[in-house]
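Computed from a predicted structure; not experimentally measured. Order of the sequence lines sets the chain letters (A, B, ...), proteins ahead of strands, with each chain counted from 1.
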Amino acid sequence: MTPDDVPVVYRRLKQYFETHPSPVADFIATRTNDPFRVLVATILSARSRDAMTLHVCARLFKRVTTFDDLARMPVESLEKELHPLGFFRSKTRLLKALPEAVSRLFKGRIPETIEELVQLPGVGRKTANLIVMEAFDKPGMCVDVHVQRICNRLGLIRTRTPRETENRLRDLLPMRYWKTWNRYLVAFGQTQCLPRTPRCSNCPLRSYCVTGREAS
DNA sequence: AAAACGGGGGC
DNA sequence: GCCCCAGTTTT
């Protein structure tokens, strides 16, 4: 496909999510607007299923909505809350490191730029991009494994680094579409264009796929 | 019993 | 750039 096809791809993804309610899309939507929750949810989502992350976050946010709450919460309680996610000890350690770091580096406020956000422990470019978009409504492009995979399957862009992928993806559409474009790509990769068993039979982008898969 | 669930960080 | 990290839920 060529960059000229991107508006069509965008429209098809938009239609797809209008008719296919996606837990992932809902999940992303629930993170909107509160930087603390976006940050915590994004860190917890690594290597965990989104349905479970959503469940754990819903429970956690009843008790913890600020860095002070987080700092005060006993490690054992936090580990217990995070237990269903797996990797609960490392995730607890990551969350527990945040209050001090945010306080020391940014006077307790979550910063609004990528460059500042990645200074926080446990926050890399993927997480930082997601935070600026979902919490601060600023332009970004979060490239995770799903986005990367879809780009490859569509033959959309072939880049060497995630950083380069971010820029190329943004170049394809006007800025006002970046947020939804990014959400569609992430959600599509988690519900439809799966890594091992993609649901190709009802795929709205089949005509653009270069992998030749038609199974399942 | 095996697979699925990835990003950050150290080097 | 490459490798390591780390436990659950789901099939």
Side-chain angles (χ1 to χ4, degrees), chain A residues 22-28 30-31 35-60 70 75-102 104-106 110-111 113-135 140-153 157-167 169 182-200 213 215-216:
Chain A
S22 156
V24 179
D26 293 343
F27 175 61
I28 292 174
T30 63
R31 299 191 283 201
F36 178 82
R37 295 184 195 218
V38 174
L39 173 57
V40 171
T42 308
I43 286 178
L44 294 187
S45 71
R47 205 101 170 131
S48 295
R49 282 175 176 77
D50 280 278
M52 189 55 75
T53 310
L54 186 56
H55 178 248
V56 167
C57 283
R59 283 181 54 96
L60 183 65
L70 202 49
V75 170
E76 315 81 65
S77 316
L78 192 51
E79 288 186 341
K80 198 171 177 182
E81 291 286 339
L82 304 191
H83 197 266
L85 295 175
F87 306 98
F88 57 89
R89 272 184 272 268
S90 42
K91 287 181 177 183
T92 295
R93 227 177 299 122
L94 284 175
L95 292 193
K96 273 297 194 179
L98 283 174
E100 182 276 331
V102 174
R104 176 171 43 84
L105 295 171
F106 304 112
I110 297 178
T113 67
I114 309 274
E115 291 69 28
E116 291 172 304
L117 282 163
V118 293
Q119 295 175 38
L120 292 172
V123 178
R125 290 199 64 83
K126 181 260 179 180
T127 306
N129 270 284
L130 203 139
I131 291 170
V132 297
M133 283 194 301
E134 300 297 342
M141 188 59 65
C142 129
V143 175
D144 62 7
V145 286
H146 305 292
V147 175
Q148 195 70 55
R149 181 175 64 253
I150 293 170
C151 289
N152 292 337
R153 286 184 176 164
I157 49 182
R158 186 67 67 171
T159 54
R160 290 171 293 295
T161 68
R163 182 65 180 273
E164 203 179 334
T165 308
E166 289 174 19
N167 294 327
L169 273 176
N182 202 171
R183 281 178 169 181
Y184 292 151
L185 291 175
V186 172
F188 195 66
Q190 293 184 20
T191 61
Q192 180 77 19
C193 193
L194 305 175
R196 308 271 190 144
T197 52
R199 280 95 191 245
C200 301
R213 295 194 205 220
S216 68

Whole angstrom value for the distance that separates C1' of C/dT9 from CG of A/Leu44: 16 Å

Separation of B/dG7 P from A/Leu94 CG (nearest whole Å): 14 Å

Only one of A/Arg149, A/Gln192, A/Arg153 passes side chain to side chain contact (heavy atoms under 4.5 Å, CB included) with A/Pro198; say which it is. A/Arg153

Donor-acceptor pair, A/Arg59 side chain versus A/Glu81 backbone, under 3.5 Å? no

With the side chain defined as heavy atoms from C-beta on, A/Pro195 is closest, among B/dG7, B/dC5, C/dT8, to B/dC5

A/Met52, nearest nucleotide to its side chain (from C/dT10, B/dG7, C/dG7): C/dT10

What is the distance, to the nearest angstrom, from the NZ atom on A/Lys80 to the P atom on C/dG7? 18 Å

Can you measure A/Gln148 atom CD to C/dG1 atom P for me and round it to whole angstrom units? 14 Å

Per A/Pro84 side chain, nearest of listed nucleotides B/dG6, C/dA6, C/dT9: C/dT9

Verdict with reasoning, A/Val186 to A/Val147, per side chain to side chain contact (heavy atoms under 4.5 Å, CB included): CA-CA 6 Å; A/Val186 172; A/Val147 175; 3.6 Å; yes

Are any non-hydrogen side-chain atoms of A/Ser48 and A/Lys91 less than 4.5 angstrom apart? yes

How many Å lie between NZ on A/Lys91 and P on C/dG7, as a whole number? 10 Å

We want to know whether A/Thr42 and A/Thr127 form a side-chain donor-acceptor pair, criterion being a heavy-atom distance below 3.5 angstrom. no

From the options C/dG7, B/dG8, B/dA4, select the nucleotide whose nearest atom is closest to the side chain of A/Arg89. C/dG7

Suppose you measure atom P in C/dA6 against the same atom in B/dA2; what distance do you get, rounded to whole Å? 22 Å

Atom-pair distance (CG on A/Asp50; C1' on B/dG7), nearest Å: 13 Å

Any side-chain N or O of A/Thr127 less than 4.0 Å from the OP1 or OP2 oxygen of B/dG8? yes

Would you find a donor on one side and an acceptor on the other, under 3.5 Å apart, between the side chain of A/Arg37 and the backbone of A/Ala135? no

A/Pro121 side chain: which of B/dG7, B/dC5, B/dG9 is closest? B/dG9

Spacing of A/Leu85 atom CG relative to C/dA6 atom C1', expressed in whole Å: 13 Å

Between B/dG8 and C/dT9, how far apart are the two C1' atoms, rounded to whole Å? 23 Å

Considering every strand and a 4.0 Å limit on heavy-atom distances, what is the contact class for A/His55: base, sugar-phosphate, or nothing? nothing

Contacts of A/Arg49 and A/Ala46 projected onto DNA chain B by closest heavy atom; the upstream (5') one is A/Arg49

If only side-chain N and O atoms of A/His146 are considered, is one of them under 4.0 Å from the OP1 or OP2 phosphate oxygen of B/dG6? yes

A/Arg47 side-chain proximity, nearest of C/dT9, B/dG6, B/dG8: B/dG6

Taking the side chain of A/Phe87 as heavy atoms from C-beta outward, which of B/dG6, C/dA6, B/dG8 is closest to it? C/dA6

C/dT11 and B/dG6: how far apart are their P atoms, nearest whole angstrom? 15 Å

For the pair made of CG in A/Leu54 and P in C/dT9, what is the distance, rounded to whole Å? 16 Å

